[in-house]
> 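I have a structure here, written as structure tokens, and I will follow up with some questions on it.
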Amino acid sequence: MTKPRKTAKPTGSAADFIPPRPTLNKLRAASEGCRGCDLFKVGTQTVFGEGPASARVMVVGEQPGDQEDKAGRPFVGPSCKLLDRAFDAAGIDRDDVYVTNAVKHFKWARDARTERRIHKTPNAGEIRACQPWLEQEIALVRPQIIVCLGATAAKSLLGRDFSVMKQRGVAVASSWAPAVIATVHPSAVLRAPPDQRVIAERMFIADIRKVARVLDKGSAAAKRGTSRSRKFSAWETSEPPSAISNASTRSSRA
């Protein structure tokens, strides 16, 4: 699959490019030709998710950054190193984690003073157009817990009224997974003022440690013979609306 010409018109949704009987490998290949929104004209290439199909943890970021866009892989560079440190501190095996983004193309603008490509936040239409890829990833991996990094990822799955700063580190039951936890993106930690960075990193690692505790609790429940659908029944079970609609979030597990 080759990257579509920039003169091609977007179709409005990545759903137009989902292959029949999808697997992660099929989806990754098909995503290379995606033109669900205009961002295929901006990014160097599609950056699809990576990780084992049996991963218990799925990490969802906002979009690939400059380095990810060039490498064609999610979470490389300083943000990846911080994420790896956090997982290591929490005792979570990195091989048990699938990483991806809510939007698969890098949205950027040229800095007028330099050659740097400046990150731009995806809008609601771009997030909506790209969401079928994420829905398929969730449906195939079936993670026990989804970790949303930053507001864009959290709102795409937990609704546009969800606030990361008010609810970071809180396990929320959802149709997407037994538990979803939102925290800040590692890049936000790295951008913190020098005198606040140590505290910001400690808070981020503390949130990832909460992910580990949720996994441990789920494993303990499984050993007691508790069904997967009731592992997290003690948590709030109302499903937030999607980020792009007032209707209830549609489960990709159906």
> Do Asn101 and Val60 have side chains that approach each other closer than 4.5 Å (heavy atoms only, starting at C-beta)?
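Heavy-atom side-chain distance check fails, nothing below 4.5 Å.
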> With side-chain contact (heavy atoms from CB on, under 4.5 Å) as the criterion, how do Thr44 and Arg117 come out once you've worked through the C-alpha distance, each side chain's angles and the decisive distance to 0.1 Å?
CA-CA 12 Å; Thr44 302; Arg117 300 190 299 174; 3.5 Å; yes
> Might you work through the side-chain contact (heavy atoms from CB on, under 4.5 Å) test for Glu62 and Thr121, ending with a clear yes or no?
CA-CA 8 Å; Glu62 178 189 82; Thr121 302; 3.7 Å; yes
> Checking Lys155 side chain against Phe162 main chain: does a donor-acceptor pair fall under 3.5 Å?
yes
> With salt bridge (charged side-chain N to carboxylate O under 4.0 Å, His left out) as the test, would you mind laying out the steps for Lys41 and Asp38 before giving the verdict?
CA-CA 6 Å; Lys41 301 178 182 180; Asp38 281 314; 3.6 Å; yes
> At their closest point, which heavy atom of Pro19 faces which heavy atom of Ala30, and how far apart are they?
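Heavy atoms of Pro19 and Ala30 come nearest at CD-CB, 3.9 Å.
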> For residues 165-176, which residue pairs pass the salt bridge (Lys or Arg N to Asp or Glu O under 4.0 Å) check, not counting sequence neighbours?
Arg168-Asp207
> Checking the side chain of Gln63 only, and the main-chain atoms of His119 only, is there a donor and an acceptor separated by less than 3.5 Å?
no
> Start with the C-alpha distance between Arg35 and Asp16, add both sets of side-chain angles, then the distance that settles salt bridge (charged side-chain N to carboxylate O under 4.0 Å, His left out), and finish with yes or no.
CA-CA 9 Å; Arg35 48 185 176 89; Asp16 298 317; over 6 Å; no
> Looking at every heavy atom in both Ala171 and Val214, which two are closest together, and how far apart are they?
CB-CG2, 4.2 Å
> Could you go step by step and tell me if Leu27 and Leu140 meet the side-chain contact (heavy atoms from CB on, under 4.5 Å) rule?
CA-CA 10 Å; Leu27 289 171; Leu140 290 168; 3.5 Å; yes
> Donor-acceptor pair, distance only, cut-off 3.5 Å: does the side chain of Ser13 make one with the backbone of Ala15?
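Here the side-chain-to-backbone pair exists.
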> How many angstroms lie between atom OG of Ser31 and atom CD1 of Ile18, to the nearest 0.5 angstrom?
9.0 Å
> I need the Arg160 CZ to Thr152 OG1 distance, nearest 0.5 Å.
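It comes to 14.5 Å.
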> Does Ala200 have any side chain to side chain contact (heavy atoms under 4.5 Å, CB included) partners at least two apart in sequence or in another chain, and if so, which?
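Testing Ala200 for side chain to side chain contact (heavy atoms under 4.5 Å, CB included), a comparison that skips the adjacent residues, returns Val189, Ala192.
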> Report the distance from atom OG1 of Thr100 to atom CZ of Arg28, rounding to the nearest 0.5 Å.
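If I round to the nearest 0.5 Å, the distance is 9.0 Å.
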> Among all residues two or more places apart in sequence or in another chain, which pass the side chain to side chain contact (heavy atoms under 4.5 Å, CB included) test with Asp88?
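For Asp88, no residue satisfies side chain to side chain contact (heavy atoms under 4.5 Å, CB included) once neighbours in sequence are set aside.
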> Taking the side chain as C-beta and beyond, is there a heavy-atom pair between Gln144 and Leu215 under 4.5 Å?
yes
> Using only atom types and a distance under 3.5 Å, with no angle test, would you say the side chain of Gln45 pairs donor to acceptor with the backbone of Lys70?
yes
> Measuring from Phe87:CZ to Ile208:CD1, what's the distance to the nearest 0.5 Å?
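Atom-to-atom, Phe87:CZ and Ile208:CD1 are 5.0 Å apart.
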> Is it true that Glu68 and Arg73 make a salt bridge, defined as a side-chain N closer than 4.0 Å to a carboxylate O?
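No.
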> Look up atom NE2 in His185 and atom OG in Ser79, then write down how far apart they are to the nearest 0.5 Å.
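The NE2 atom of His185 sits 5.5 Å away from the OG atom of Ser79.
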> Within a radius of less than 6.0 Å around CD1 of Ile118, do more than 12 heavy atoms belonging to other residues, nucleotides or ligands occur?
yes
> Does the distance from a Lys or Arg side-chain N to an Asp or Glu carboxylate O, for Asp66 and Arg116, drop under 4.0 Å?
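Salt bridge: no.
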> Would you indicate whether the side-chain heavy atoms of Cys130 and Cys37 approach each other to under 4.5 Å?
no
> Verify, without hydrogens or angle tests, whether Ser156 (side chain) and Ala102 (backbone) share a donor-acceptor contact under 3.5 angstrom.
no
> Membership question, hydrophobic clusters at under 4.5 Å side-chain separation (ILVMFWY): are Val99 and Leu190 in the same one?
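Looking at the clustering, Val99 is in the same group as Leu190.
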> Heavy atoms only: give me the nearest Lys107-Pro122 pair and the separation to one decimal.
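That closest heavy-atom pairing would be CD-CA, 4.0 Å.
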> Restricting to non-hydrogen atoms, name the atom on Pro64 and the atom on Asp69 that form the minimum distance, rounded to 0.1 Å.
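Nearest pair, atom of Pro64 first, then Asp69: CB-N, 4.3 Å.
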> Once ring pair (Phe, Tyr, Trp, His ring centres under 6.0 Å) is applied, what residue pairs with a partner in residues 201-223 remain, sequence neighbours excluded?
none
> Return yes if a side-chain donor-acceptor contact under 3.5 Å exists between Glu137 and Tyr98, otherwise no.
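Present: a donor and an acceptor within the cut-off.
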> Any non-hydrogen side-chain atom of Leu134 less than 4.5 Å from a side-chain atom of Val103?
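Sidechains of Val103 and Leu134: no contact.
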> Should the pair Glu201-Arg85 be classified as a salt bridge under the 4.0 Å nitrogen-to-oxygen rule?
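Counted as a salt bridge, because a side-chain N and a carboxylate O are separated by less than 4.0 Å.
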> Can His105 and Glu126 be counted as having a side-chain donor-acceptor contact under 3.5 angstrom?
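Distance-only check fails for His105 and Glu126.
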> Is the closest side-chain heavy-atom distance between Thr183 and Met165 below 4.5 Å?
no
> Closest approach of Gly36 and Ala129, non-hydrogen atoms and distance?
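Of all heavy-atom pairs spanning Gly36 and Ala129, the closest is O-CB, 3.7 Å.
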> Verify the cluster assignment for Phe106 and Val42: are they in a single hydrophobic cluster under the rule of side-chain heavy atoms below 4.5 Å apart?
yes
> Please tell me whether Phe75 and Val47 are part of a single hydrophobic cluster in this structure, the criterion being side-chain heavy atoms less than 4.5 Å apart.
no
> Do the non-hydrogen side-chain atoms of Pro143 and Ile145 ever get within less than 4.5 Å of each other?
no
> Go through it in stages, so that I can follow the logic: the residues are Ile138 and Met58, the test is side-chain contact (heavy atoms from CB on, under 4.5 Å), and I'd like the CA-CA distance, side-chain angles, deciding distance and then a yes or no.
CA-CA 8 Å; Ile138 294 172; Met58 177 178 284; 3.6 Å; yes
> Provide the full list of ring pair (Phe, Tyr, Trp, His ring centres under 6.0 Å) pairs with a residue in residues 12-35, sequence neighbours left out, each pair given once.
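Passing the test, one end in residues 12-35: no pairs.
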> Any chain of hydrophobic side-chain contacts (each under 4.5 Å) joining Leu149 to Val97?
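Both belong to a single hydrophobic cluster.
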> Taking only residues at least two apart or on different chains, which pairs with a member in residues 91-103 satisfy salt bridge (Lys or Arg N to Asp or Glu O under 4.0 Å)?
Arg56-Asp96, Asp84-Arg94
> Check whether any side-chain heavy atom of Glu135 sits under 4.5 Å from a side-chain heavy atom of Trp176, and report yes or no.
yes
> Looking at every heavy atom in both Leu157 and Cys148, which two are closest together, and how far apart are they?
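Scanning both residues completely, I find the closest heavy atoms to be CD1-SG, 4.0 Å.
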> If you count every heavy atom of other residues, nucleotides or ligands that lies below 6.0 Å from Arg202 atom CZ, does the total exceed 12?
no
> Looking at CD1 of Ile127 and CD of Gln131, how far apart are the two atoms once the value is rounded to the nearest 0.5 Å?
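Here the interatomic distance stands at 8.5 Å.
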> I'd like to know if Val147 and Met203 are part of one continuous hydrophobic network [Ile/Leu/Val/Met/Phe/Trp/Tyr, side-chain heavy atoms within less than 4.5 Å].
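No; tracing contacts between hydrophobic side chains, which count when under 4.5 Å, never links both residues.
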